[in-house]
Amino acid sequence: GGTANNASGASSSSSSMQPVDLKIMVGGLNKQIYLPNMLAKQLGYFDQEKINVTLVDEGSGQGTELEVVAGNVDAGSGAYSHPVELNALGKKIETICQFGIAPGEAEMVATSKSSSIKSAADLKGKNLGVTDIGSGTHTLTLALLGKAGYSGSEAHYVAVGAGNTFIAAIKNGTIDAGMTTEPTITRLLQSGDAKVLIDLRTPQSTRAALGGDYPFIGIFAKNDWVNSHKDVAQRLVNVYVKTLKWIKAHSAAEIADKMPADYLVPSKDLYVAALQNQLSIFGTDCRMPSAGPQTVLSIEQNYVSSFKGKNANLSETYTNQFANSAS
Amino acid sequence: MAGAAIELRSVTKRFATPKGGVYTAIRDLTMEVAPGEFCAVVGPTGCGKSTTLALISGLERASAGEVLVAGEAVRGIPQGIGYVFQSDAVFPWKTVLGNVAAGPRYHGVSNWDASKQAKEWIARVGLAGFEDRYPHQLSGGMRKRVGLAQSLINNPRILLMDEPFSALDVQTRTLMENELLSLWAASSASVVFVTHDLEEAIALADRVVVMTAGPGTVKGTFAVDLPRPRNVAEIRFQPRFVQIYEAIWSQLRDEVLVSYERQKHAAAV
Amino acid sequence: MAGAAIELRSVTKRFATPKGGVYTAIRDLTMEVAPGEFCAVVGPTGCGKSTTLALISGLERASAGEVLVAGEAVRGIPQGIGYVFQSDAVFPWKTVLGNVAAGPRYHGVSNWDASKQAKEWIARVGLAGFEDRYPHQLSGGMRKRVGLAQSLINNPRILLMDEPFSALDVQTRTLMENELLSLWAASSASVVFVTHDLEEAIALADRVVVMTAGPGTVKGTFAVDLPRPRNVAEIRFQPRFVQIYEAIWSQLRDEVLVSYERQKHAAAV
Amino acid sequence: MSVRSTLPRSDVSAQGGAPPFGSVGMQDGATQGLASRTAEIAALDADLSARRAQVAQRRRLIIYALRLAFTVLWLGSWELSTRLNWVDPFFVGQPSGVVQRLWTWITEGTALGPLWLQAVVTMQEAVVGFLIGAALGVVFGILLGRIEVMAEVLSPFIKGANAIPRVVLGSLFAVMFGLSLWGKAATAVVLVFFVVFFNAFQGVREVDRNLIANARILGADNRRLTTEIIIPSAMTWILASLHISFGLAIVGAVVGELFGATAGLGQLIYNAGHTFDVNGVFAGMFVLAVLALIAEGLISALENRLVKWRPSRVSGEIPI
Amino acid sequence: MSVRSTLPRSDVSAQGGAPPFGSVGMQDGATQGLASRTAEIAALDADLSARRAQVAQRRRLIIYALRLAFTVLWLGSWELSTRLNWVDPFFVGQPSGVVQRLWTWITEGTALGPLWLQAVVTMQEAVVGFLIGAALGVVFGILLGRIEVMAEVLSPFIKGANAIPRVVLGSLFAVMFGLSLWGKAATAVVLVFFVVFFNAFQGVREVDRNLIANARILGADNRRLTTEIIIPSAMTWILASLHISFGLAIVGAVVGELFGATAGLGQLIYNAGHTFDVNGVFAGMFVLAVLALIAEGLISALENRLVKWRPSRVSGEIPI
Ligand SMILES: Nc1ncnc2c1ncn2[C@@H]1O[C@H](COP(=O)(O)OP(=O)(O)OP(=O)(O)O)[C@@H](O)[C@H]1O
Ligand SMILES: Nc1ncnc2c1ncn2[C@@H]1O[C@H](COP(=O)(O)OP(=O)(O)OP(=O)(O)O)[C@@H](O)[C@H]1O
Ligand SMILES: [Mg+2]
Ligand SMILES: [Mg+2]
């Protein structure tokens, strides 16, 4: 592995680099919000930085950050809220590259209920779908209600998982509305079973709904690890910056062409359509949006009951150091 | 005279041995039991007596030859058959009462009546007071008598008995033998009675079949022309009894010796 | 004379009955067996003969009284004991050879030697050629003989036998009885031999213990002063044999009748 | 042979009838004196019962003491090793923290509502799943155990199906049955069914053939044979599988809750997981374990009723 | 008594020795003529074996035909009902789609690499978990089955532990053991252990007390008693649990993969799940089922070796 090397920067030439093995855990490798990970690999950018990467897929949607804290993997790809929450518990991990500035989720409302549910305020008293009680979708839903002026207890939260189980819950009326990601959103739109109530898949709509940028998926690692592996961290961020730039420069269809064929089921069209809808969440420079951390922290403090009364040292939860010196 | 109640025609029974070979337990056995006849089967140990009963009862199928009961080839278990097994076959999860009442209940008798009948039978085999015991709480001889009552209560037309009295003391045995004879006299059952006790065979039976050692077959058949009703305890002292005994014994002794010597010195096929 | 090999002092054994009561199988039983003595126990069925053996072997604990083997109170299974069970206790997953060889192997004899010994014993009980059979492939009498060989091969100092020959035909039985006597004569084992056959008891034993019906206790003890070595087949015809037989029988008959009548008409406690 | 010749050889009639010991004469063996003997035995009875109860009591105390010791040892070493920071309580929790969390849940309720409600929800799912799964397992086990051809035809399908991860099935069930109790119960069913099925099946094949033969000879038709011979005989097998299955039913219910639920201990545990509350996770597990033990107690009671015919294990072996 | 008096009563010696049937005279019963008889029996042997092989052959054919029929019926009705849109193939998949997906996996490989590699990864985890879990289950089952006090002390802990959802344990193991094979194997272990344990335990308690008594009398020490009596006797119980456990080991491995893996059939299935590829999910399940069946075949072979002493079930009952 690379040793601490403050001198390493964007300009480091590939000839002087030591090859390094790196394990990155991803909370759902084939989910579109995690797209830069696989894409970077497909584009060969890890190889260019002499990073011999292992992308560990994690299917349960939780635990990536724990594996990072436990030191079983070097870095993880997950939501920024985790470094914040862990910081409050004294476990220090920091985001070194922030992919996006919006969650890439949407509050979907069942078509049959769309006439009566037109805004966040109408969610009061309704059955709202979230992946799990306590999960990120739950937090976002609480935030939406909060911004609309209601306390979290004024709606019913139903854990419905993601994907097929979410669709089934919308279809059979178990939930009136619910928070989910792509490609479930597009799938629902195409089948006509649900409509988008509040879109968190673009920076603009996210700011409107949550009152600020909401940094979601990124790359995080232990602060200790980052401090002792500055060179590797830099090379890693270089990879992602290049990848984000490549994304900006290409269409959804072109991106889809780069992905493994297995990711494009049930149809490439659905994949492309879904990607198109949220392509704008991806930034270009890996930087943390300036007000983002504060937005996340205040949402946690205000709406997440387990976080109430806790605080996090935000400066320990992210760094733009590598993004700034990346090419 | 009506057709035979039980008929075995050139019956052969083979078993597979562990080494993949075949062991012939019974070979070309032919024998008949007339309706209402009491037929005893004697023979050296391991000669195939139990196997013969298993064939008649339909629990085993013959490898060759025909087994007929009441004129019909045996497929499955023939109607109206009773079988007192050589080894314990009472149901361990039923009390003595439950065990004995099983037969009538299986034949559609109400639980109440079945219990009543069963109690009578339990007393008849000398187990009154033990109705609520489970088999593992009985002595060997008691279990044997439960099995006896279990079979007899069904009033079978054909009764197969495999050494039913071998675990009983001499006196209980005599009492049970007399009981059996009077029951049999009142019914018209055909009995095949396997025993290793030649005296018992003669005392009870109309006819004694002697089986050969090794692959069992019939060595000889002897009519027992002692008058009935008989008292088992006394009949042994009649001169005719002794005469018959000696006639049969002379044949049986040969077989037993053959069997013993063969088993002792040669390997079985 | 050395102390008794086996001693039971006012031993009582009770069992719990299903209804929560207590059944007394043996009451206040006192008896002794001298070293090297062949002691036969007879009594009506269900009187507690098997229970007595279980107490001596340490498999059951007495409810009251003391059981001593070689002068020591029995806790666990005493050294050098052999037990031929009344019911099948051969190991179904072992072949005849494996079953018979088990004892020596458990005592540390090498597999090879154990097999050799076992083969001798298998031949001695007339099962040569059946070494590789599993128990379920044997007849009832054959299984019994496997159990016999299994116990005897250990050359026990104290041999408990529970109706070991009851499933055998008369001739095989006589052969086995003579075999047993010659084995015993060559060893100095103390034998407790339970049987329901009084003739057998007298023919084999130095002393015959008669047990009472119901809660079993010793009704009487009879020394058998017939000369040794004996030939079991012939000794029955000696006048002294008949004399002893009648003396014992007069006592035993009472008990058997009591037992039978009581079981037939009264409820046991 | 010298030993034998030293035995006293008295005349037959001299020794007969006069046993060489005191109180118990021949009289007692006969039918007279029964009344006085009955009283004596009753006294013995009481004595014996009292003594037995005492032994059982002491035994029970020892067992409880040992259990307590084990618990103390286990929790103590856990607490200590986390306090001394040999292991990180962030990952493995801390007994004191677990107790605290339980206490909060009991006194203040959980994120999802009162604790007892979560327990009721999960237990309902588990019980329904257990009953259906066990019933199906027993029925199919007996059916296939009895009908050889059916067993051979279907066994590859059943054995294959057993290897399908319940987590995956859980999501299919959530789609099929929605978020009702049935989705979770179905997940419990597919865990319970296979365990019960294989044991019931094997139990049926293990039935002593002598007993089947005897019952058939005695006139038992197929129904009787099944209810009176096969089932009682396979009962120990079935009961053994039930001991494990209720635990599995709870597991199934919790897995089912992963794919959608409004309440339940599973959701409570997942919620704790999401908020890095390992103590909450263990507290949830603890509640599950306690519920399983209660159910287990009921199953054991059932077992004691159903197999009361067996020789008791506590007394020594009786080889008669 | 009229029936009986009609029986022919001949003199004893007249009938004796001259049985009323032909070919088989007394001679055959004696020791002479053994050579000729041996040849005759050998011929019979061959005949019998041939006939038996033929029957077995026909039987096997019927079984295969029925299995095929069942498969066709099952897949056919599934395919049909999705084609006719009675049920939505989006949720339940379609056999033809599953086959297609399998075909792509086999010919073109999966997103994670060649299919066989995924299978190897998952099977490694499952096999390791199975071996450890089964070994622990057998050892503890026998230990606790033999030592009554230990069983009573530990049983509430074990029964409680059995109710802990493996999904939750899986995530703990993933943290404890990292993302190596061991995390997945551990999840498999906790599924296999309990099933094997409870059966082994019960198997030990079911051992015929007569046999134990006999072995002890014959001089078996505790070790011998365990290896020669307890284990062979409990073997059917243990084997019955092994039949189900390998499937459970696979389930455990797949659950383990949920919490992080780079390859494996579980990952394949979760990937498919994320992308609405129900056919992919079923294809993965199918591969798991096939692997389980292969392992099951091996276990059955083991079983046949270990319990070859049992009366065969195919021939009729022998009540002797
Ligand atoms: N399943 C089997 N496999 C192989 N051989 C068997 C099987 N069953 C019985 N035999 C053999 O068949 C022969 C006859 O057995 P059977 O039980 O009929 O004898 P038996 O005359 O009843 O003897 P006994 O008087 O000892 O009960 C024996 O040699 C026995 O070993
Ligand atoms: N576990 C038990 N529970 C209750 N009663 C028992 C138990 N074991 C034996 N008995 C009773 O004890 C009495 C004596 O039994 P035991 O087996 O010693 O008789 P036995 O003399 O050997 O009879 P047999 O000659 O028939 O074998 C019987 O009445 C029996 O019912
Ligand atoms: Mg027999
Ligand atoms: Mg007895």
Side-chain angles (χ1 to χ4, degrees), chain D residues 62-63 66-67 70 91 148-149 152-154 156-157 159-168 171-172 175-176 194-195 198-199 202 205-206 209-210 212-214 236-237 240-241 243-244 246-248 250-251 254-255 258 266 269 273 281 285 288-293 296 311 313 317-319, chain E residues 62-63 66-67 70 91-92 148-149 152-154 156-157 159-168 171 175-176 194-195 198-199 202 205-206 209-210 212-214 236-237 240-241 243-244 246-248 250-251 254-255 258 266 269 273 281 285 288-293 296 311 313 317-319:
Chain D
I62 292 174
I63 298 283
L66 284 173
R67 280 182 193 167
F70 182 82
F91 290 117
E148 186 94 20
V149 172
E152 290 208 38
V153 171
L154 294 183
F157 298 99
K159 284 167 181 168
N162 177 45
I164 292 175
R166 313 304 193 263
V167 181
V168 179
S171 80
L172 290 177
V175 169
M176 272 157 50
F194 290 97
V195 175
F198 280 105
N199 261 28
Q202 194 63 31
R205 319 243 305 191
E206 292 295 317
R209 299 175 316 151
N210 281 355
I212 296 184
N214 193 11
T236 37
W237 283 85
S241 72
H243 279 298
I244 183 172
F246 195 83
L248 291 181
I250 291 181
V251 172
V254 169
V255 170
L258 187 60
I269 291 176
V281 172
M285 287 184 180
L288 289 178
V290 168
L291 293 176
L293 283 179
E296 166 62 32
R313 284 200 199 83
E317 284 100 337
I318 318 159
Chain E
I62 292 175
I63 299 282
L66 284 173
R67 281 182 190 167
F70 182 82
F91 288 119
V92 302
E148 188 93 20
V149 172
E152 288 207 42
V153 171
L154 294 183
F157 299 97
K159 284 168 181 167
N162 177 45
I164 292 175
R166 312 306 191 262
V167 181
V168 179
S171 76
V175 172
M176 270 158 52
F194 291 96
V195 175
F198 280 104
N199 262 30
Q202 193 63 31
R205 320 243 305 190
E206 292 296 316
R209 299 177 314 150
N210 281 354
I212 295 185
N214 193 13
T236 37
W237 283 86
S241 72
H243 278 298
I244 184 170
F246 195 83
L248 290 180
I250 291 182
V251 172
V254 168
V255 170
L258 185 62
I269 292 176
V281 172
M285 289 183 179
L288 290 178
V290 169
L291 293 177
L293 284 180
E296 165 62 32
R313 284 200 198 84
E317 284 99 341
I318 318 159

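Chain A is the first sequence line, chain B the second, and so forth, proteins listed ahead of strands; every chain is numbered from 1.
Both the backbone and the side chain of E/Ile164 come within contact range of chain D, each with at least one heavy atom under 4.5 Å from a heavy atom of that chain. Contacts between E/Val149 and chain D at a heavy-atom distance below 4.5 Å involve backbone atoms as well as side-chain atoms. Proximity to chain D (any heavy atom under 4.5 Å) is restricted, for E/Leu154, to the side chain, taken from C-beta onward. Using a 4.5 Å cut-off between heavy atoms, D/Ile63 touches chain E through backbone and side chain atoms alike. Looking at E/Val153, the atoms closer than 4.5 Å to chain D (heavy atoms on both sides) sit in the backbone and in the side chain alike. Of the two parts of E/Leu293, only the side chain, counted from C-beta on, holds a non-hydrogen atom closer than 4.5 Å to a non-hydrogen atom of chain D. Residue contact with chain E, scored on non-hydrogen atoms closer than 4.5 Å, is absent for D/Phe246. Only the side chain of D/Leu172 has a heavy atom closer than 4.5 Å to any heavy atom of chain E.
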Problem set entry | Criterion side-chain contact (heavy atoms from CB on, under 4.5 Å) on E/Val167 and D/Val254, from CA distance to verdict | CA-CA 9 Å; E/Val167 181; D/Val254 169; over 6 Å; no
Exercise. Hey, mind stepping through D/Trp237 and E/Gln202 against side-chain contact (heavy atoms from CB on, under 4.5 Å) and telling me if it holds?
Worked result: CA-CA 8 Å; D/Trp237 283 85; E/Gln202 193 63 31; over 6 Å; no
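Per-residue heavy-atom pair counts under 4.5 Å with chain E were compared for D/Ala289, D/Ala161, D/Ser171, and the maximum is reached by D/Ala289. Considering only heavy-atom pairs separated by less than 4.5 Å from chain D, the leading option among E/Thr236, E/Val255, E/Val92 is E/Thr236. For the options D/Leu291, D/Ile269, D/Val168, heavy-atom pairs under 4.5 Å to chain E are most numerous at D/Val168. Per-residue heavy-atom pair counts under 4.5 Å with chain D were compared for E/Asn199, E/Asn214, E/Val290, E/Val175, and the maximum is reached by E/Asn199.
Residues satisfying the side-chain hydrogen bond (donor to acceptor under 3.5 Å, both in side chains) test with D/Glu152, not counting sequence neighbours, are E/Arg59. Under the side chain to side chain contact (heavy atoms under 4.5 Å, CB included) criterion, D/Ile244 pairs with D/Val195, D/Leu248, E/Asn162, E/Phe194, E/Val195, E/Phe198, not counting sequence neighbours.
The two residues D/Ala163 and E/Ala292 have their closest heavy-atom pair at CB-CB, 3.2 Å.
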